[in-house]
Peer 1: 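Take this structure, written in structure tokens, and hold onto it; I'll ask about it next.
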Amino acid sequence: MLIQWYPGHMHKAKKALKDILSRIDIFIEVLDARIPFSSANPMLATICGSKPCIKVLNKSDLADSDITKEWHYFLEHERNVKSISLTTEDPNRTFCILELCNKILLRRSQSIKNIQALIMGIPNSGKSTLINILAKRDIACTGDEPAVTKVQQRIKLKQGIVLIDTPGMLWPNLRNINIGYRLAITGAIRETAFDNIEIACYAISYFRQRYPKLIKKRYNLARLIGDELEILEDIGVKRGCFRVGGKVDFERISKILITDFRSMMLGSITLETPGMIKNELAECLNIKAR
Ligand SMILES: Nc1nc2c(ncn2[C@@H]2O[C@H](COP(=O)(O)OP(=O)(O)OP(=O)(O)O)[C@@H](O)[C@H]2O)c(=O)[nH]1
Ligand SMILES: [Mg+2]
């Protein structure tokens with residue numbers, strides 16, 4: 001699925017980001033732990049240059065903890081990158097990020113006075129929430145929908161670190177269509193920019209492969225029979241989700257499935273593993289070479 005949602009403030013935010021890059025000491029990319037690859041900025045290495053970057057696997061409470069471990073291992077192979085899992089379930093741990101900033105910059109013999117830390121990431125990954133925890137007050141607007149933050153905001157912490165909150169940004173990833181689907185399932189794209197039934201079917205095709213027990217348990221299904229649309233129909237029947245006339249309301253049951261995933265009613269699920277991504281990237285290269 002190609003992402004067709006680039007609101008005007010996102011273009012402005014990209015320009016505003018370029019304007020301050022030279023003054024940044026450290027980058028903090030807030031990834032969604034359920035989609036550490038799809039939520040990553042493909043231009044990050046170019047943006048950071050030789051400066052250090054901390055990759056936060058945020059919302060780790062929603063992700064599959066075994067796969068989160070695999071992602072840490074994978075991410076720390078990148079140059080100048082450290083990774084850390086965070087969740088609002090354990091706000092005290094969030095403060096480790098300040099220690100990590102100090103440690104990394106001290107190791108580079110850089111002054112740790114007035115560190116400028118840029119917080120970046122896709123919409124809805126939890127950037128502003130993380131800043132509010134660190135600032136110990138609700139200084140940045142947050143909300144459970146993408147594109148809450150529209151302009152940059154600077155927050156000076158007592159510890160001498162200036163955090164720069166930025167609006168969530170997306171990049172066209174034309175080669176790997178899976179990225180758009182995963183961003184839509186997790187809530188990084190406005191609902192009006194995608195088809196709920198298409199997204200629900202994509203989610204079912206993944207869940208039936210990787211988490212069949214969770215989906216069977218949630219919807220009380222003995223077996224997962226037929227194609228994705230048929231399974232969606234079975235779920236609709238089990239949930240009594242009918243339109244006038246007795247047919248399953250596919251739109252409504254799709255929204256229920258997506259909401260169940262986002263609110264963890266299905267369980268802890270990660271939508272991509274490092275192994276899957278390696279295969280997808282190889283496939284994209286093959287298509288390009290053909
Ligand atoms: N379950 C869970 N939810 C979280 C976590 N962190 C943030 N959230 C929720 O995610 C939603 C988005 O959080 P924000 O901080 O507004 O996200 P943002 O990245 O600033 O979003 P934009 O400004 O739109 O780019 C809010 O409903 C938060 O409560 C987390 O660790 N776990
Ligand atoms: Mg925000």
Side-chain angles (χ1 to χ4, degrees), residues 3 5-17 20 27-36 38-41 44 47 53-65 67-68 71-72 83-97 117-155 157 162-171 182-194 258-271:
I3 309 165
W5 184 61
Y6 297 99
H9 79 270
M10 244 182 237
H11 292 283
K12 282 191 197 146
K14 283 180 193 171
K15 198 184 163 299
L17 185 69
I20 58 163
F27 292 85
I28 299 174
E29 187 178 35
V30 181
L31 302 170
D32 183 322
R34 296 165 299 173
I35 49 168
S38 297
S39 59
N41 180 345
L44 190 76
I47 291 172
C53 176
I54 299 174
K55 295 202 177 192
V56 177
L57 293 176
N58 203 36
K59 302 194 180 183
S60 60
D61 52 308
L62 305 179
D64 182 328
S65 55
I67 303 180
T68 300
W71 277 110
H72 279 299
S83 70
I84 181 171
S85 295
L86 295 178
T87 160
T88 43
E89 305 269 289
D90 184 5
N92 286 338
R93 189 176 146 71
T94 306
F95 292 89
C96 292
I97 209 162
L118 186 90
I119 317 281
M120 59 194 292
I122 58 162
N124 206 21
S125 62
K127 301 174 290 300
S128 302
T129 304
L130 186 141
I131 286 175
N132 287 342
I133 293 173
L134 294 175
K136 296 185 182 166
R137 61 199 159 116
D138 286 348
I139 195 159
C141 284
T142 64
D144 193 13
E145 53 175 336
V148 171
T149 306
K150 298 270 194 309
V151 290
Q152 259 179 37
Q153 189 182 358
R154 303 171 77 83
I155 295 106
L157 302 184
V162 177
L163 301 175
I164 302 156
D165 190 11
T166 60
M169 284 179 240
L170 293 167
W171 291 262
R182 293 178 191 136
L183 288 169
I185 298 170
T186 49
I189 303 175
R190 270 271 153 84
E191 197 199 350
T192 47
F194 60 81
I258 295 167
T259 308
D260 280 355
F261 165 77
R262 291 182 187 164
S263 55
M264 235 183 63
M265 297 308 283
L266 293 167
S268 307
I269 291 181
T270 297
L271 295 177

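Start at 1 and go down the list; that is how both ligands and their atoms are numbered. Index from 1, following the sequence. Only a predicted model underlies this, so the values are computations on that prediction, with no experimental measurement involved.
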Peer 1: Could you check atom 12 (C) of ligand 1 against the protein and tell me its nearest heavy-atom contact, residue, atom and distance included?
Peer 2: N124 OD1, 2.8 Å
Peer 1: Answer with yes or no whether the side chains of T149 and S128 bring together a donor and an acceptor at under 3.5 Å.
Peer 2: yes
Peer 1: Among K59, R262, K150, which residue places a heavy atom closest to atom 10 (O) of ligand 1?
Peer 2: K59
Peer 1: In terms of residue, atom name and distance, what is the protein heavy atom nearest to atom 30 (C) of ligand 1?
Peer 2: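 Ranking protein heavy atoms by distance from atom 30 (C) of ligand 1, first comes T88 OG1, 3.1 Å.
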Peer 1: Are K55 and W71 in a cation-pi contact, defined as NZ or CZ under 6.0 Å from the six-membered ring centre and within 45° of the axis?
Peer 2: no
Peer 1: Could you say whether the N/O atoms of D165 and ligand 1 ever approach to under 3.5 Å?
Peer 2: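 Not met; the criterion fails.
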Peer 1: Show which atoms of ligand 1 fall inside a sub-4.0 Å distance from at least one heavy-atom site of G168.
Peer 2: 25 (O)
Peer 1: In degrees, rounded to 10 degrees, what angle do S128 atom OG and T149 atom OG1 make at the Mg ion (ligand 2)?
Peer 2: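 Between OG of S128 and OG1 of T149, the angle at the Mg ion (ligand 2) is about 90°.
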Peer 1: Check N41 against M120 and note the closest heavy-atom contact, atom names and distance.
Peer 2: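 For N41 versus M120, the nearest heavy atoms are ND2-CE, 3.6 Å.
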Peer 1: Go through ligand 1 atom by atom and flag the ones less than 4.0 Å from a non-hydrogen atom of L62.
Peer 2: 1 (N)
Peer 1: Check whether F95 forms a cation-pi arrangement with K136 (NZ or CZ under 6.0 Å from the six-membered ring centre, at most 45° off the ring normal).
Peer 2: yes
Peer 1: Are any of the N/O atoms on S60, whether in the backbone or the side chain, positioned under 3.5 angstrom from an N/O atom of ligand 1?
Peer 2: no
Peer 1: Within a distance under 4.0 Å of any heavy atom of P123, pick out the atoms of ligand 1 and give their elements.
Peer 2: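 Within the 4.0 Å cut-off of P123, ligand 1 contributes 25 (O).
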Peer 1: Using a 4.0 Å cutoff against the non-hydrogen atoms of G126, which atoms of ligand 1 qualify?
Peer 2: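 Atoms satisfying the 4.0 Å criterion: 7 (C), 13 (O), 14 (P), 15 (O), 17 (O), 18 (P), 19 (O).
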Peer 1: Does any N or O atom in V148 lie less than 3.5 angstrom from one in ligand 1, N or O only?
Peer 2: yes
Peer 1: Determine the minimum heavy-atom distance between H9 and A147, stating which atoms define it.
Peer 2: CE1-CB, 3.6 Å
Peer 1: Is a donor from one side chain sitting under 3.5 angstrom from an acceptor on the other, for T87 and D61?
Peer 2: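 T87 vs D61: donor-acceptor pair found between side chains.
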Peer 1: Below 3.5 Å, N or O to N or O, backbone or side chain included: is there any such pair between T129 and ligand 1?
Peer 2: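 For ligand 1, there is an N or O atom that lies under 3.5 Å from one belonging to T129.
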Peer 1: Would you say the side chain of I84 lies within less than 4.5 Å of the side chain of L57, judging by non-hydrogen atoms?
Peer 2: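 Sidechains of I84 and L57: no contact.
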Peer 1: Does any N/O atom on L86 come nearer than 3.5 Å to any N/O atom on ligand 1?
Peer 2: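 There is no such contact.
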Peer 1: Work out which heavy atom in A188 is nearest to a heavy atom in W5; give both atom names and the distance.
Peer 2: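 Scanning both residues completely, I find the closest heavy atoms to be O-CZ3, 3.4 Å.
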Peer 1: Are the side chains of I28 and V56 in touch, meaning some heavy atoms are under 4.5 Å apart?
Peer 2: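 Answer yes - side chains close enough.
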Peer 1: Below 4.0 Å, non-hydrogen atoms only: which portion of S125 touches ligand 1? Side chain, backbone, both or neither.
Peer 2: both
Peer 1: Keeping the roles fixed (side chain from K15, backbone from M10), state whether a donor-acceptor pair exists under 3.5 Å.
Peer 2: no
Peer 1: For a 4.5 angstrom cut-off between non-hydrogen side-chain atoms, does T186 reach K59?
Peer 2: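 Of all side-chain heavy-atom pairs linking K59 with T186, none is under 4.5 Å.
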Peer 1: Suppose we measure from atom 32 (N) of ligand 1 to each protein heavy atom; which comes out shortest, and what is that distance?
Peer 2: D61 OD1, 2.9 Å
Peer 1: Within ligand 1, which atoms have a heavy atom of T87 less than 4.0 Å away?
Peer 2: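 Taking each heavy atom of T87 in turn, ligand 1 has 31 (O) under 4.0 Å.
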Peer 1: Under 4.0 Å from a heavy atom of A147: give me the atoms of ligand 1 that qualify, with their elements.
Peer 2: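 By the 4.0 Å cutoff, the relevant atoms are 24 (O).
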Peer 1: So which bit of L130 gets within less than 4.0 Å of ligand 1, heavy atoms only: side chain, backbone, both or neither?
Peer 2: neither
Peer 1: Could you check whether any side-chain heavy atom of I155 comes within less than 4.5 Å of a side-chain heavy atom of V162, counting everything from C-beta outward?
Peer 2: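 When only atoms from C-beta onward are counted, V162 and I155 do not touch, as no gap falls below 4.5 Å.
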Peer 1: Among all protein heavy atoms, pick out the one at the shortest distance from atom 19 (O) of ligand 1; state its residue, atom name and that distance to 0.1 Å.
Peer 2: K127 NZ, 2.6 Å
